[in-house]
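A quick write-up on the structure given underneath.
Every heavy atom of this structure was used, including side-chain atoms; hydrogens, water molecules and symmetry mates were not. Numbered from 1 within each chain, the chains take letters A, B, ... in sequence-line order.
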2 protein chains.
Amino acid sequence: MSVGRETRLSAWIERFAAHFAEEGIPLIGGRILGYLLVCQPVERTAAELSQELEASSGSISTNLKYLVNVGLVTKRTRRGRQAAEYRINEKAWSEFVQRKLKAIASVQTLTDDGMRLLSGDPERAMRLRTVDHLYGWLSEELPALWERKPASPK
Amino acid sequence: MSVGRETRLSAWIERFAAHFAEEGIPLIGGRILGYLLVCQPVERTAAELSQELEASSGSISTNLKYLVNVGLVTKRTRRGRQAAEYRINEKAWSEFVQRKLKAIASVQTLTDDGMRLLSGDPERAMRLRTVDHLYGWLSEELPALWERKPASPK
DNA sequence: CGATGACTTCAGTGTTGACCGAAGGAAAGG
DNA sequence: CCTTTCCTTCGGTCAACACTGAAGTCATCG
């Protein structure tokens, strides 16, 4: 007997969460992301997420707050409804990735400062210079790359 | 009275270590990297690092092992010397950064699997598709970008 | 305005991981 | 071979953090 689609999606969500857990996002946060990417309908309340993902209300609350804060999830409130609805903000994923790339390139400011401290001693600066050049190149190319990024299809 | 160059370099090493600590590299590992980038002479033994960085021999050993493993530091042994010498391997920094970029783009395999699970339901796949396209684009552009990287000057 | 429902906050728990320092073991040299 | 030096391994400590569940807060509705 074959495994149902929903079951396989659950497994996929778990893999998805595991990946981002390695990047420092709490497991439950990753589960929320994965779930909100594929659930139907697209909007869920905190209570629903708590039940679906079998996580405490506290964890859901904390992680939703974090995800809304970084922009990956959008919160919507409606008058006449106490329960807020959360949905994925897939458009923001681009900036999310961009921040990561910037974080990598930002080492350049460090190597740059280091080079300044070693000015006057080119011999000693050689090792740092190699690294500095690498990050300098990245700091130029990554923003340029980003500008070439096509807008996501409607 | 002005602060000596070595003192400022110590502060720089600390900032350097702090940056990589945020990326998951232990503080002491980051200190070793920063120190080996600017020390004179370029090679140091574990004992020297332990003294300079005021870290236990155990921590130095563990972190050196890790850094040698990821290729950022090179270990050299010489006959007639019990103490191994460690030095920065600045050439390897490029691969180090490349691994990070690959890690980011690797989400594409995940989104790809997800898209397959949702095939037959384009409506529901829309959110994931946006994310999948982003990572698909990255997976194409990042390797291409890397090929354009100039060799580091001698 | 009390009751209900829905989040948020917070104290407590468990786990993970960095760090230390002592004990162990290999290499050089007397 | 015994000593010294150097490194690695390992148990133990400590701090950080994810997670839980209960208490608190706020809005809605009868």
If you look at every strand shown and take non-hydrogen atoms under 4.0 Å, does [X] touch a base, only sugar-phosphate, or nothing?
| X | value |
| --- | --- |
| B:Tyr86 | sugar-phosphate |
| B:Ile60 | nothing |
| A:Leu64 | nothing |

Please give, in whole Å, the distance from [N] [atom2] to [X] [atom1]?
| X | N | atom1 | atom2 | value |
| --- | --- | --- | --- | --- |
| B:Arg44 | D:dC6 | CZ | P | 14 Å |
| A:Arg76 | C:dC7 | CZ | C1' | 18 Å |
| B:Leu49 | C:dC19 | CG | P | 14 Å |
| A:Leu27 | D:dA18 | CG | C1' | 9 Å |
| A:Arg31 | D:dT20 | CZ | P | 8 Å |
| A:Asn63 | C:dC7 | CG | C1' | 14 Å |
| B:Glu85 | D:dC6 | CD | P | 12 Å |
| B:Ile28 | C:dA18 | CD1 | P | 10 Å |

For the side chain of [X], counting heavy atoms from C-beta on, which of [options] is nearest?
| X | options | result |
| --- | --- | --- |
| B:Pro26 | C:dC19, D:dC7, D:dC19 | C:dC19 |
| B:Ser57 | D:dC19, D:dT8, D:dC6 | D:dT8 |
| A:Ala55 | C:dC7, C:dC19, D:dT20 | D:dT20 |
| A:Ser61 | D:dC19, D:dT9, C:dT9 | C:dT9 |
| B:Ser59 | D:dC7, D:dC19, C:dC19 | C:dC19 |
| B:Ser56 | C:dT8, C:dA6, C:dC20 | C:dC20 |
| B:Thr45 | D:dT20, C:dC7, D:dC7 | D:dC7 |

Between A:Arg116 and A:Asp113, is the closest basic N to carboxylate O distance under 4.0 Å?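 Between A:Arg116 and A:Asp113 there is a salt bridge, with a charged N closer than 4.0 Å to a carboxylate O.
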Note: A:Arg148-B:Glu140 ion pair, threshold 4.0 Å (strictly below): no
Give a yes/no on whether any side-chain N or O of B:Lys65 is located under 4.0 angstrom from OP1 or OP2 of D:dC7.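 No, outside the criterion.
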For the pair A:Arg129 (side chain) and A:Met115 (backbone), establish whether a donor and an acceptor sit closer than 3.5 Å, ignoring hydrogens and angles. no
Would you kindly compare A:Gly24 and B:Lys75 by the position of their nearest DNA chain D nucleotide and give the one closer to the 5′ end? B:Lys75
Could you check whether the rings of B:Phe96 and B:Phe20 sit parallel, tilted or perpendicular, using 30° and 60° as the cut-offs?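 Tilted.
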Is it the case that the side chains of B:Thr109 and B:Ser106 hold a donor-acceptor pair, with the cut-off being a distance below 3.5 Å and no angle test?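 There is no such pair between these side chains.
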